[in-house]
Amino acid sequence: MPQRIIPNLWFNHTAREAVDHYLEIFPDSSEVSVSHYPTEGLLDFQQDLAGDVLKIQFRIGDLTFSAINAGGEFRPNSSISFLLNFDPSRDPDARGHLDQLWERLTADGLVGMELSSYPFSSHYGWVEDRYGVNWQLMLTNPDGDPRPFVTPELMFPHAQTQATEAIELYTGLFENSGTGVIARYSELGELPSEETSPQALAYADFTLAGQWFAAMDSAVPQDVTFNEGVSLVALCPDQAEIDRLWAVLSTVPEAEQCGWCKDQFGVSWQIVPQDMPDFSQPEAFGRLLGMKKLVIADLS
């Protein structure tokens, strides 16, 4: 099944550099496509990007990412990270390969959780790389159900029940969806704090349109939350699907621009047609800039 939802990473004039870095350090990776800004017809704040890379699609494992080359308005943070599963049942040297990638990702990065043994994994670490993208590297229990190498994980900032509510909303919105592992803090022992709901999720994974995602309610207060630094691109086959998703996921009018919107939890989405025009042409790019919800008939 073609990938329906693409994680989009925002870079401050460094998309080409960042993608090249990922293609170098991830062994199973490749570039899929690249598009460029037009050389004219840009807004004032975009003038220094004329003719530069606009977007690069690339693949790590079975997951396609998108890297947008823009300004310094946004930066990825820990609210959406990428869980990397190193499975000894599929890779005899899983631990060694985890250690090698950890060394590359932590170079000029910021370690959030040291690479060590934890109750949920014998070998695990969390790192924010030099570009702000967060990665969780985990040696997977080979006796568990198989999961893909890369799983996007959403961390909701309060230890309440937002993760459960989001999973229910998303799995009800996309076809071929369902839940997998569900682990609540109350099932793992003492709650992290008095404010933690017994129903708060320590971890859960689920599928949307056949793709694996994960979610959790943060056990500790967070000074960051969802932003446009990492968004989710939902590819739509027709206008009816754009309209349907937009009606549910767009809840913040001031965030509506060029197909971008925010849902009730603050997660940024891009609701776009699966066949987008060539925006290197000034006329097509100008039509895009003039829209909030995208109208396919008016894009070309």
Side-chain angles (χ1 to χ4, degrees), residues 1-11 14-35 53-69 75-112 115 121 123-140 146-155 180 205-215 229-235 268 270 274:
M1 177 181 295
Q3 186 174 324
R4 175 77 189 282
I5 303 172
I6 297 175
N8 181 80
L9 311 176
W10 184 291
F11 295 101
T14 58
R16 178 73 272 170
E17 173 190 319
V19 171
D20 287 345
H21 176 63
Y22 297 143
L23 296 180
E24 177 186 358
I25 68 174
F26 283 93
D28 183 14
S29 61
S30 62
E31 185 168 311
V32 177
S33 65
V34 60
S35 61
V53 168
L54 169 60
K55 186 175 292 186
I56 306 171
Q57 284 198 347
F58 64 103
R59 184 184 57 81
I60 297 175
D62 293 331
L63 186 68
T64 297
F65 290 79
S66 178
I68 188 169
N69 197 47
R75 177 179 168 87
N77 63 45
S78 57
S79 61
I80 299 182
S81 60
F82 298 94
L83 179 62
L84 304 178
N85 290 297
F86 291 82
D87 187 345
S89 69
R90 291 184 286 181
D91 177 6
D93 192 21
R95 187 185 182 104
H97 291 145
L98 187 159
D99 290 343
Q100 291 171 12
L101 187 58
W102 175 263
E103 182 177 356
R104 303 299 299 275
L105 287 171
T106 54
D108 299 320
L110 179 64
V111 173
L115 189 59
S121 173
H123 202 51
Y124 167 92
W126 184 315
V127 58
E128 179 179 295
D129 72 19
R130 66 186 68 172
Y131 304 104
V133 181
N134 279 253
W135 307 89
Q136 300 180 60
L137 286 68
M138 183 169 71
L139 191 66
T140 305
R147 292 292 187 266
F149 177 58
V150 187
T151 301
E153 179 168 1
L154 288 72
M155 180 170 64
D205 59 17
F206 56 99
T207 56
L208 301 179
Q211 294 175 228
W212 281 103
F213 290 82
V230 181
S231 59
L232 299 176
V233 181
L235 302 178
S268 287
Q270 298 179 56
Q274 59 188 21

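The chain is numbered in sequence order, starting from 1. All values below were derived from every heavy atom in this structure, side-chain atoms included, with hydrogens, water molecules and symmetry-related copies excluded.
Side-chain atoms of Asp129 never come within 3.5 Å of backbone atoms of Leu105 as a donor-acceptor pair (strictly under, hydrogens ignored). Side-chain N or O atoms of Asn85 include none that pairs as donor or acceptor with a backbone N or O of Thr140 at under 3.5 Å. In this structure, Asn134 contributes its side chain and Gly132 its backbone to a donor-acceptor pair below 3.5 Å. Judged purely by atom type and a 3.5 angstrom limit, Asn8 has no side-chain atom pairing as donor or acceptor with the backbone of Ser231. The main-chain N or O of Ser66 is never found under 3.5 Å from a side-chain atom of Gln57 such that the two would form a donor-acceptor pair.
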| field | side-chain contact (heavy atoms from CB on, under 4.5 Å) assessment of Asp205 paired with Arg147 | value | CA-CA 10 Å; Asp205 59 17; Arg147 292 292 187 266; 2.7 Å; yes
| task | Show the numbers, then the answer: is there a ring-ring contact (aromatic ring centres under 6.0 Å, His included) between Tyr22 and Phe65? | result | CA-CA 11 Å; Tyr22 297 143; Phe65 290 79; 7.7 Å; no
| request: Kindly indicate, with the supporting measurements, whether the criterion side-chain contact (heavy atoms from CB on, under 4.5 Å) is fulfilled by Val230 and Leu9. | output: CA-CA 5 Å; Val230 181; Leu9 311 176; 4.0 Å; yes
| task | Any chance you could lay out the side-chain contact (heavy atoms from CB on, under 4.5 Å) test for His123 and Leu115, step after step, and finish with the verdict? | result | CA-CA 7 Å; His123 202 51; Leu115 189 59; 3.7 Å; yes
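Atom CG in Leu137 sits 9.0 Å away from atom CG in Asp99 (nearest 0.5 Å). To the nearest 0.5 angstrom, Asp87 atom CG is 8.5 Å from Leu139 atom CG.
A heavy-atom distance below 4.5 Å is not found between the side chains of Leu110 and Val127. Taking the side chain as every heavy atom from C-beta outward, Ser78 and Trp126 approach each other to under 4.5 Å. The shortest side-chain heavy-atom distance between Pro88 and Arg95 does not fall under the 4.5 Å cut-off. Residues Ile6 and Leu235 form a side-chain contact, since some pair of their non-hydrogen atoms from C-beta on lies under 4.5 Å apart.
A salt bridge links Asp28 to Arg59: at least one charged side-chain nitrogen sits closer than 4.0 Å to a carboxylate oxygen. Using a 4.0 Å cut-off between a side-chain N of Lys or Arg and a carboxylate O of Asp or Glu, Arg130 and Glu17 do not qualify as a salt bridge.
Between Phe26 and Trp135, the ring centre distance stays below 6.0 Å.
Taking Arg4 as the reference, Glu175, Glu241 meet the salt bridge (charged side-chain N to carboxylate O under 4.0 Å, His left out) condition, with sequence neighbours excluded. Looking at residues two or more places apart in sequence or on another chain, you find no side-chain hydrogen bond (donor to acceptor under 3.5 Å, both in side chains) involving Gln211. Legend: residues meeting side-chain hydrogen bond (donor to acceptor under 3.5 Å, both in side chains) with Asn77, ordered by chain and number and at least two apart, are Ser79. Residues passing the side-chain hydrogen bond (donor to acceptor under 3.5 Å, both in side chains) test with Asp93: none are found, sequence neighbours excluded. Scored by the ring pair (Phe, Tyr, Trp, His ring centres under 6.0 Å) test, Tyr124 finds Tyr118, Phe120 as partners (sequence neighbours excluded).
Applying the 6.0 Å contact sphere to CD of Gln274 captures more than 12 heavy atoms from other residues, nucleotides or ligands.
Counting only residues at least two apart or on different chains, the ring pair (Phe, Tyr, Trp, His ring centres under 6.0 Å) pairs with a member in residues 85-108 are Phe86-Phe149.
Considering Gln136, Glu153, Glu128 as possible partners of Ser81, the one that fulfils the side chain to side chain donor-acceptor pair (under 3.5 Å) test is Gln136.
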